[in-house]
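As structure tokens, the structure follows; a few thoughts come after it.
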Amino acid sequence: MRLSLLLLAVGLLAGCSSIRPYPNNLDRNLQIRTETGSGSIFSSTRASVGIYRVDGQCRIEYEGTIDLDKPVVLVGLPSDRLSYLIFSFFSSSLFGHARTSMSQETLLRTRTSYSYQIDVSYRNSIYNVVVREHYPRKRGSREIDLRRLDACREIVARR
Amino acid sequence: MTKHTIWTGLLVSVALTGCVTHPQTAEEFRRAVPGALTAKTEAFEVNRPFRDVAATFRKKAPECLDVTIKTTSRANMSYQVIVTEYKPTVVVTRERAELHVQQHHKSGVVRVSKEPAGGYYLLVADAYPVDQNKTRVQMFAPSMGHGVLIRAVKGWATGENLGCPDMTKT
């Protein structure tokens, strides 16, 4: 009986957990460079990015999360499709009293043969997410403004 | 956001109003700050053209400050949830670029006086052209708490740090 309850609990925890790893099995067209630091020895900060598929009606479907626990993480996003990225910064104090999270979101349409770079930083309670698109076959890039989900209909209508 | 910050916010409110009314406009806020105990004004010059400072305010304010923060705190026998909405407004004319930040406690905090549309004024930053490459910035802000917000706005003005303030840490 106890074993059954334990197995049920484990199964529920495993099945109901809403966070899952992003499959990341496409050609890597996005490089995410991350730099985090709480600015205090008594607290720490970690970052992650949640990746969502966006359909033509601007509905989103969660695809998975990638922990940004390395200075550089390579990601494969589907080309010529809108993705919705939510960067989350989690802070916790050494003594465990305070835990906070803050997020920055953006829509991103990755184009075939272009590559993308996102610089993510959190330092001394200031965070930043900067998206750049690199042109294929030539040097140079441009910064892409962050766009919230409510800009989706406008983006879809423009195409 | 800590209880300390919320109390500071309330103190700023009371100090600004003399327990009568809150500033209902950005202009009233500017006039009230110099005489307030828990708010301050400071001015500085940056080596950037006015149009760049104005463009940064226009880009970063909606990107960073249009946020809702939920704070949950537990004490021995109590449990408190405070939801705070921040609203940025940027007004740019040829003479100056204004950044206003308002805060509205959606729940968890009692309003002590009439609240203007969009929330109580928390910070106003005005940028004025000095010459082609210099801009003067005057800030009206709380003197206790909200240091992260003040640092971020200064970073936007100088162009040295274009990051967003973590409003959970104000």
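Note on naming: letters A, B, ... go to the chains in the order of the sequence lines (proteins, then strands), and numbering restarts at 1 for each one. Just so it is clear, the model here is predicted, and its values are computed rather than measured.
- With respect to the salt-bridge test (charged N to carboxylate O, under 4.0 angstrom), the residues A:Glu154 and A:Arg147 do not qualify.
- Contacts of A:Gln104 with chain B are made by side-chain atoms alone, with heavy-atom separations under 4.5 Å and no backbone atom involved.
- Between B:Arg151 and A:Ser125, the side chains place no donor N or O within less than 3.5 Å of an acceptor N or O (distance only, hydrogens not considered).
- For a residue to count as touching a neighbouring chain, one of its non-hydrogen atoms must lie under 4.5 Å from one of that chain's; by this rule B:Asn161 touches chain A with the side chain only.
- In this structure, chain B has no heavy atom under 4.5 Å from any part of A:Thr106.
- If you check the side chains of A:Asp80 and A:Thr112, you find a donor sitting under 3.5 Å from an acceptor.
- Side chains of B:His104 and B:Gln102: no donor on one and acceptor on the other come within 3.5 Å.
- Looking at B:Lys70, there are no atoms closer than 4.5 Å to chain A (heavy atoms on both sides), in backbone or side chain.
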